[in-house]
Amino acid sequence: MFMTPFDPASSARTLNLVWNMTGLREDERLGYAALLPTGHAIAVDHAMAARRIRAANPRLCVYLREDERLMRLGADGTPAETLFWVDNILPSQLGGDAPRCAAALDIVMRDTTKAAWAAMAEIVDAGLTPANAAAALVGTPGEIARRLAEYRAGGLRHVVLTAPPERAPYMAVERELMPLLTAMRRTPTAAAHRAQSQPGTIGWHGVAL
(Lines give C-alpha, C1' and ligand atoms only; values in the text may rest on other atoms or scores of the structure.)
Protein backbone atom coordinates (compact mmCIF):
# COMPACT_ATOMS: atom_id res chain seq x y z
CA MET A 1 0.00 0.00 0.00
CA PHE A 2 1.19 3.50 -0.07
CA MET A 3 1.28 5.97 2.73
CA THR A 4 1.58 9.50 3.84
CA PRO A 5 1.59 10.88 7.39
CA PHE A 6 -1.85 10.79 9.00
CA ASP A 7 -4.06 13.62 7.81
CA PRO A 8 -6.97 14.22 10.26
CA ALA A 9 -9.04 15.58 7.38
CA SER A 10 -8.74 12.84 4.78
CA SER A 11 -7.92 14.53 1.47
CA ALA A 12 -9.87 13.82 -1.69
CA ARG A 13 -6.50 13.67 -3.47
CA THR A 14 -5.28 10.84 -1.29
CA LEU A 15 -5.78 7.10 -1.66
CA ASN A 16 -5.43 5.68 1.83
CA LEU A 17 -4.09 2.12 2.13
CA VAL A 18 -5.04 0.29 5.31
CA TRP A 19 -3.62 -3.02 6.55
CA ASN A 20 -6.35 -5.36 7.78
CA MET A 21 -5.62 -6.68 11.29
CA THR A 22 -9.12 -7.72 12.27
CA GLY A 23 -9.58 -11.15 13.83
CA LEU A 24 -6.10 -11.30 15.37
CA ARG A 25 -5.16 -11.97 18.97
CA GLU A 26 -3.88 -8.91 20.82
CA ASP A 27 -0.27 -10.13 20.93
CA GLU A 28 -0.34 -10.86 17.19
CA ARG A 29 -1.87 -7.50 16.37
CA LEU A 30 0.62 -5.55 18.47
CA GLY A 31 3.53 -7.54 17.06
CA TYR A 32 2.58 -6.97 13.43
CA ALA A 33 1.69 -3.32 14.05
CA ALA A 34 5.18 -2.78 15.48
CA LEU A 35 6.61 -3.70 12.05
CA LEU A 36 4.88 -0.83 10.30
CA PRO A 37 6.54 2.52 9.66
CA THR A 38 5.12 5.81 10.90
CA GLY A 39 1.97 6.91 9.11
CA HIS A 40 0.75 3.47 8.10
CA ALA A 41 -2.86 2.59 8.83
CA ILE A 42 -4.43 -0.54 10.29
CA ALA A 43 -7.98 -1.77 10.71
CA VAL A 44 -9.08 -3.49 13.92
CA ASP A 45 -12.42 -4.97 14.89
CA HIS A 46 -13.26 -3.68 18.37
CA ALA A 47 -12.91 -0.45 20.30
CA MET A 48 -10.57 -1.89 22.96
CA ALA A 49 -8.15 -3.05 20.26
CA ALA A 50 -8.22 0.44 18.75
CA ARG A 51 -7.41 2.03 22.12
CA ARG A 52 -4.55 -0.40 22.79
CA ILE A 53 -3.05 0.07 19.35
CA ARG A 54 -3.34 3.83 19.73
CA ALA A 55 -1.57 3.67 23.12
CA ALA A 56 1.18 1.31 21.93
CA ASN A 57 1.72 2.86 18.48
CA PRO A 58 0.59 6.50 18.39
CA ARG A 59 2.46 6.88 15.09
CA LEU A 60 -0.07 4.65 13.29
CA CYS A 61 -3.46 5.59 11.83
CA VAL A 62 -6.28 3.44 13.21
CA TYR A 63 -9.55 2.38 11.58
CA LEU A 64 -12.31 0.52 13.44
CA ARG A 65 -14.51 -1.99 11.64
CA GLU A 66 -18.06 -2.51 12.89
CA ASP A 67 -20.00 -4.91 10.66
CA GLU A 68 -20.14 -3.24 7.23
CA ARG A 69 -18.83 0.09 8.46
CA LEU A 70 -15.22 1.21 8.70
CA MET A 71 -14.54 4.25 10.83
CA ARG A 72 -11.39 6.33 10.52
CA LEU A 73 -10.48 7.42 14.03
CA GLY A 74 -9.09 10.83 14.80
CA ALA A 75 -6.13 11.57 17.05
CA ASP A 76 -8.43 11.53 20.10
CA GLY A 77 -9.86 8.11 19.18
CA THR A 78 -13.28 9.37 18.13
CA PRO A 79 -14.71 8.68 14.65
CA ALA A 80 -13.51 11.21 12.09
CA GLU A 81 -15.09 9.54 9.06
CA THR A 82 -17.43 6.61 8.43
CA LEU A 83 -17.08 4.44 5.33
CA PHE A 84 -18.87 1.43 3.84
CA TRP A 85 -16.73 -1.73 3.78
CA VAL A 86 -17.02 -3.38 0.33
CA ASP A 87 -15.37 -6.72 -0.44
CA ASN A 88 -13.60 -7.43 -3.74
CA ILE A 89 -14.96 -4.65 -5.90
CA LEU A 90 -13.35 -3.97 -9.28
CA PRO A 91 -12.58 -0.46 -10.60
CA SER A 92 -15.27 -0.92 -13.27
CA GLN A 93 -17.85 -1.55 -10.53
CA LEU A 94 -17.27 1.71 -8.68
CA GLY A 95 -20.23 4.04 -8.68
CA GLY A 96 -21.13 7.41 -7.25
CA ASP A 97 -20.69 6.15 -3.68
CA ALA A 98 -16.99 5.34 -4.23
CA PRO A 99 -15.67 8.23 -2.06
CA ARG A 100 -17.66 6.84 0.88
CA CYS A 101 -16.46 3.24 0.45
CA ALA A 102 -13.43 1.22 1.51
CA ALA A 103 -12.56 -1.57 -0.93
CA ALA A 104 -11.19 -4.71 0.77
CA LEU A 105 -8.68 -6.40 -1.57
CA ASP A 106 -6.02 -9.09 -1.20
CA ILE A 107 -2.51 -8.23 -2.37
CA VAL A 108 0.20 -10.48 -3.82
CA MET A 109 3.29 -8.54 -4.86
CA ARG A 110 6.48 -9.99 -6.35
CA ASP A 111 9.45 -8.76 -8.39
CA THR A 112 8.05 -10.23 -11.61
CA THR A 113 4.57 -10.72 -13.00
CA LYS A 114 5.16 -14.44 -13.46
CA ALA A 115 6.25 -14.90 -9.85
CA ALA A 116 3.25 -12.94 -8.57
CA TRP A 117 0.75 -15.06 -10.48
CA ALA A 118 2.50 -18.27 -9.49
CA ALA A 119 2.19 -17.21 -5.85
CA MET A 120 -1.49 -16.38 -6.38
CA ALA A 121 -2.07 -19.84 -7.90
CA GLU A 122 -0.62 -21.43 -4.76
CA ILE A 123 -2.82 -19.25 -2.53
CA VAL A 124 -5.93 -20.18 -4.55
CA ASP A 125 -5.01 -23.87 -4.26
CA ALA A 126 -4.73 -23.38 -0.51
CA GLY A 127 -8.30 -22.09 -0.33
CA LEU A 128 -8.60 -18.44 -1.34
CA THR A 129 -12.13 -17.85 -2.63
CA PRO A 130 -12.67 -17.07 -6.34
CA ALA A 131 -14.17 -13.67 -5.44
CA ASN A 132 -11.08 -12.70 -3.45
CA ALA A 133 -8.76 -13.93 -6.19
CA ALA A 134 -10.65 -12.16 -8.99
CA ALA A 135 -10.26 -8.70 -7.46
CA ALA A 136 -6.87 -9.16 -5.79
CA LEU A 137 -3.98 -6.80 -6.45
CA VAL A 138 -1.49 -9.14 -8.13
CA GLY A 139 1.77 -8.27 -9.87
CA THR A 140 4.91 -6.20 -9.60
CA PRO A 141 4.94 -2.93 -7.64
CA GLY A 142 4.46 -1.01 -10.90
CA GLU A 143 1.49 -3.13 -11.93
CA ILE A 144 -0.17 -2.80 -8.55
CA ALA A 145 0.42 0.96 -8.57
CA ARG A 146 -1.41 1.22 -11.88
CA ARG A 147 -4.32 -0.84 -10.51
CA LEU A 148 -4.54 1.45 -7.51
CA ALA A 149 -4.51 4.47 -9.82
CA GLU A 150 -7.56 3.00 -11.57
CA TYR A 151 -9.40 2.82 -8.25
CA ARG A 152 -8.40 6.38 -7.42
CA ALA A 153 -9.56 7.58 -10.84
CA GLY A 154 -12.94 5.96 -10.07
CA GLY A 155 -13.30 8.09 -6.94
CA LEU A 156 -12.20 5.55 -4.32
CA ARG A 157 -10.17 6.98 -1.42
CA HIS A 158 -9.65 3.93 0.85
CA VAL A 159 -8.30 0.44 0.11
CA VAL A 160 -8.05 -2.17 2.84
CA LEU A 161 -5.29 -4.69 2.11
CA THR A 162 -6.60 -8.01 3.39
CA ALA A 163 -3.61 -10.32 2.89
CA PRO A 164 -3.13 -12.19 6.21
CA PRO A 165 -0.09 -10.98 8.19
CA GLU A 166 1.96 -14.10 7.51
CA ARG A 167 2.16 -13.17 3.82
CA ALA A 168 1.34 -9.46 3.82
CA PRO A 169 4.17 -7.57 2.05
CA TYR A 170 4.60 -4.91 4.72
CA MET A 171 8.22 -4.04 4.01
CA ALA A 172 8.00 -4.42 0.23
CA VAL A 173 5.08 -2.00 0.11
CA GLU A 174 6.99 0.53 2.19
CA ARG A 175 10.20 0.13 0.20
CA GLU A 176 8.89 -0.29 -3.36
CA LEU A 177 5.24 0.72 -3.69
CA MET A 178 5.09 3.88 -1.62
CA PRO A 179 7.68 5.77 -3.70
CA LEU A 180 5.71 5.00 -6.87
CA LEU A 181 2.43 6.13 -5.38
CA THR A 182 3.92 9.30 -4.00
CA ALA A 183 5.45 10.09 -7.40
CA MET A 184 2.11 9.45 -9.10
CA ARG A 185 0.46 11.96 -6.81
CA ARG A 186 3.00 14.67 -7.61
CA THR A 187 3.39 14.08 -11.35
CA PRO A 188 0.69 11.66 -12.55
CA THR A 189 1.72 11.44 -16.20
CA ALA A 190 5.46 10.98 -15.73
CA ALA A 191 5.00 8.60 -12.80
CA ALA A 192 2.55 6.44 -14.74
CA HIS A 193 5.07 6.19 -17.58
CA ARG A 194 7.81 5.16 -15.14
CA ALA A 195 5.57 2.53 -13.57
CA GLN A 196 4.89 1.05 -17.01
CA SER A 197 8.55 1.01 -17.99
CA GLN A 198 9.81 -0.49 -14.71
CA PRO A 199 8.22 -3.97 -14.49
CA GLY A 200 9.36 -4.65 -10.94
CA THR A 201 8.20 -1.64 -8.95
CA ILE A 202 5.39 -1.00 -6.31
CA GLY A 203 4.09 -1.15 -2.74
CA TRP A 204 1.21 -0.62 -0.26
CA HIS A 205 -0.93 1.12 2.34
CA GLY A 206 -1.65 4.60 3.37
CA VAL A 207 -0.17 6.36 0.35
CA ALA A 208 -1.42 9.42 -1.48
CA LEU A 209 -2.08 9.38 -5.20
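This structure is a prediction, so every number in the text was calculated from the model and none was measured.
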Test item: Arg51 and Leu73 side chains (from C-beta on) under 4.5 Å apart, heavy atoms: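 When only atoms from C-beta onward are counted, Leu73 and Arg51 do not touch, as no gap falls below 4.5 Å.
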
Leu64 vs Glu66 side-chain heavy atoms within contact, under 4.5 Å: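 Yes, close enough: below the 4.5 Å cut-off.
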
Ile53 vs Met48, side-chain contact (heavy atoms from CB on, under 4.5 Å): CA-CA, chis, key distance, verdict: CA-CA 9 Å; Ile53 283 288; Met48 180 61 74; over 6 Å; no

Criterion salt bridge (charged side-chain N to carboxylate O under 4.0 Å, His left out) against Glu81, the qualifying member of Arg69, Arg100, Arg72: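 Output: one option passes, namely Arg72.
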
Search all heavy atoms of [X] against all heavy atoms of [Y] and return the closest pair with its distance.
{"X": "Ala103", "Y": "Ile89", "value": "CB-CG2, 3.6 Å"}
{"X": "Gly74", "Y": "Ala80", "value": "N-CB, 3.9 Å"}
{"X": "Ala163", "Y": "Ala168", "value": "O-CB, 3.8 Å"}
{"X": "Ile42", "Y": "Ala33", "value": "CD1-CB, 4.3 Å"}
{"X": "Leu24", "Y": "Pro165", "value": "CD1-CG, 3.8 Å"}
{"X": "Val160", "Y": "Ala102", "value": "CG2-CB, 4.2 Å"}

Parallel, tilted or perpendicular, as decided by the 30° and 60° cut-offs, for the rings of Tyr63 and His158: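 Plane angle over 60°, so perpendicular.
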
Stepwise side-chain contact (heavy atoms from CB on, under 4.5 Å) check, Phe84 with Asp97: CA-CA 9 Å; Phe84 299 102; Asp97 289 334; 5.8 Å; no

salt_bridge(Asp106, Arg167) N-O dist < 4.0 Å: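 Judged by the 4.0 Å cut-off on N to carboxylate O distance, Asp106 and Arg167 do form a salt bridge.
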
Ion pair Arg110/Glu143, N-O distance below 4.0 Å: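 No, no charged N to carboxylate O under 4.0 Å.
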
Check against side-chain contact (heavy atoms from CB on, under 4.5 Å), Ile107 and Ile144: CA-CA 9 Å; Ile107 179 171; Ile144 292 175; 4.0 Å; yes

What's the separation between atom [atom1] in [X] and atom [atom2] in [Y], rounded to the nearest 0.5 Å?
{"X": "Leu35", "Y": "Leu30", "atom1": "CG", "atom2": "CG", "result": "11.5 Å"}
{"X": "Asn57", "Y": "Arg29", "atom1": "CG", "atom2": "CZ", "result": "11.0 Å"}
{"X": "Thr140", "Y": "Met109", "atom1": "OG1", "atom2": "CE", "result": "9.0 Å"}
{"X": "Leu180", "Y": "Arg146", "atom1": "CG", "atom2": "CZ", "result": "9.5 Å"}
{"X": "Trp85", "Y": "Met71", "atom1": "CH2", "atom2": "CE", "result": "12.0 Å"}
{"X": "Leu156", "Y": "Leu83", "atom1": "CG", "atom2": "CG", "result": "9.0 Å"}

CA sep, side-chain torsions, deciding dist, call: Val44, Val62, side-chain contact (heavy atoms from CB on, under 4.5 Å): CA-CA 8 Å; Val44 298; Val62 181; 4.3 Å; yes

Verify same cluster id: Val159, Val86 (apolar side-chain graph, 4.5 Å):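 In one cluster: yes.
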
Within one Ile-Leu-Val-Met-Phe-Trp-Tyr cluster: Val108 and Leu137, side-chain cutoff 4.5 Å: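 No, separate clusters.
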
Atom pairs and distances, side-chain donor-acceptor, residues 117-136, under 3.5 Å, sequence neighbours left out:
| from | atom 1 | to | atom 2 | distance (Å) |
| --- | --- | --- | --- | --- |
| Thr129 | OG1 | Asn132 | N | 3.2 |
| Thr129 | OG1 | Asn132 | ND2 | 3.3 |
| Asn132 | OD1 | Asn88 | ND2 | 2.7 |

Leu70 backbone acceptor or donor facing Arg65 side chain under 3.5 Å: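 Not a single qualifying donor-acceptor pair exists.
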
Donor-acceptor under 3.5 Å (Arg175 side chain, Tyr170 main chain):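 Side chain of Arg175 to backbone of Tyr170: no pair is present.
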
Heavy atoms from other residues, nucleotides or ligands near CG of Asp67 exceed 12 (cutoff 6.0 Å):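 No.
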
